[in-house]
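Notes follow once the structure below has been shown.
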Amino acid sequence: MNLDLPPRRELPFEVLTRMRARVLAGLTEPPAGRLVNLRAPLAAAAGVAVLAAGAAIVAQSTAGSGEGDGVLATPPTTSRSSIPRRPTSSRPPGVAPTPLPIPPLDQARAAEDLDRCAAVAAASPRAHEFAPRQAWQPVYAVELNGHRITAYREGGGRPMFCDTTATTATVSDPSAEPMTMIGRPPGGSTVVDLYGLYLSPAGVLAGVLQGAARLDCEVGTLVSSTGGFEFQGRTERASVQGIQFVVHVGTLKDGDEIVSTVYDANGTPLSSGGFRFERARVRPVGATAVDRPR
Amino acid sequence: METMTGTSTSDAELWRRAAGGDHAAFTALFERHAGAVWNHAYRLTGSWTLAEDVAANTFLAAWRKRREVTLVRDSALPWLYAVAGNLVRNEHRRSGRFLRALRRLPAEGSCADHADAVASRVDDDRRMRSVLAAAGALPRAEREAFELCLLGEVSIADAAAVLGVAETNVRARLSRARARLRTHLEEES
């Protein structure tokens with residue numbers, strides 16, 4: 001008899017994160033009178049994921065950046081539970097980061113950068129996937145370690161990123177599969193949507209943030225101990241404007257975790273989640289080239 | 001120290017260490033089997049949302065029972081599957097809340113961007129719930145064998161070890177379960 005059962009699925013990272021948080025929290029709880037109770041989790045499953053301030057979240061696997069360039073490929077994480085963690089940033093837990101100042105957009109410079117990216121895109125095998133240059137509208141630009149990242153919107157509103165250096169121009173993948181960093185729990189609603197669209201080999205991570213005003217990424221390694229896990233890493237603040245964010249996460253190695261915490265305009269933490277970097281799972285960027293060889 | 005990704009240590013050794021209170025060993029077991037238990041929990045409930053709850057509770061139950069259980073096979077999975085099955089059946093039997101909650105759940109996958117994927121998931125859920133409705137009428141002994149061997153794809157030998165019965169007994173249970181399910185599903189279609 002063939003039951004024709006649905007195929008097994010890969011466990012999504014956000015689900016793994018939530019399960020892990022609950023299980024690890026349960027390891028230190030006193031035994032309950034009853035072995036399990038499905039009712040509370042059912043209620044939680046229908047709830048909205050909002051994290052307490054400074055709560056530690058530990059996430060799990062995802063995509064990373066590939067050989068030269070990369071767009072994040074797969075999974076995500078959202079957390080609605082906390083795991084004990086030792087904060088390693090200089091900022092005390094629960095204290096929101098000050099917004100990263102974004103300089104006024106230099107229209108001429110932005111146009112020049114977008115022209116370079118558009119030329120690289122037009123010369124690439126995927127030229128047909130990009131909107132025409134005249135439909136590219138710059139939103140803001142930031143400089144990070146010799147890279148100038150211009151966040152722009154294509155006609156129709158598609159968020160894109162142009163990454164230029166003195167010699168190279170790189171444009172994000174117009175067909176990038178969003179890598180959810182904080183998303184909607186299964187069956188629930190969401191207050192925050194955070195996903196990556198672009199990860200450069202130089203460690204620039206860019207994407208979309210909706211429902212929150214600020215983003216703080218902690219980059220480091222999860223180390224297990226008898227009490228659970230400790231997160232050892234550094235904190236990076238993202239530049240956010242409109243729905244687009246850019247953050248320098250630095251060069252990543254396999255196993256590095258990026259834990260994201262988002263805040264409202266008043267600095268109140270809204271949610272948190274993370275993913276584990278895996279170089280092999282990174283997808284290529286939209287187009288890249290040395291357009292100004294020396 | 002056991003790392004999250006460590007796979008060189010056997011389940012039995014991790015279980016033995018977990019029984020002694022080693023959180024890291026138990027966490028390693030969780031990391032190793034979370035995906036499989038989550039998938040099995042889906043097959044027990046027909047709901048990915050409930051699967052998450054059942055899977056997490058399965059590991060919590062396993063943690064609480066760690067000192068009472070000695071793994072008799074190489075993998076902890078058959079036993080974890082059995083725990084998951086017990087959780088779902090107990091909740092089922094205890095009240096109708098579980099099924100009512102199941103019916104209240106929104107169509108899952110609604111946050112996905114792709115309509116085809118959503119439609120496929122809804123079809124999967126319907127199919128799974130149809131199979132589970134048929135399995136719900138099975139006597140407990142047959143249902144246990146059905147859950148382990150047909151849903152969980154556990155071997156007859158492992159199922160026999162977990163259930164504490166002879167392999168021939170498991171085969172007989174499966175045979176009867178198949179016959180009943182076939183009749184039920186044919187009538188339904």
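Per chain, numbering begins at 1; letters A, B, ... match sequence-line order.
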(request) Under the side-chain contact (heavy atoms from CB on, under 4.5 Å) rule, what do B:F26 and A:V23 come out as? Steps first, then yes or no, please. (result) CA-CA 10 Å; B:F26 188 80; A:V23 170; 4.0 Å; yes
(request) Could you walk me through whether B:W38 and A:R9 pass side-chain contact (heavy atoms from CB on, under 4.5 Å), step by step? (result) CA-CA 9 Å; B:W38 177 70; A:R9 290 191 199 168; 4.0 Å; yes
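Annotation for B:A34 and A:L16: closest pair CB-CD1, 3.8 Å, computed over non-hydrogen atoms. When all heavy atoms are compared, the tightest approach of B:L150 to A:L5 is O-CD1, 3.6 Å. For the pair B:N39 and A:R8, the tightest heavy-atom approach, listed with the atom from each and the gap, is OD1-CA, 3.2 Å. Nearest heavy atom pair, residue A:P6 against residue B:M128, reads CD-SD, 3.5 Å.
For A:D254, the CG atom sits in a packed shell: over 12 heavy atoms of surrounding residues, nucleotides or ligands are nearer than 6.0 Å.
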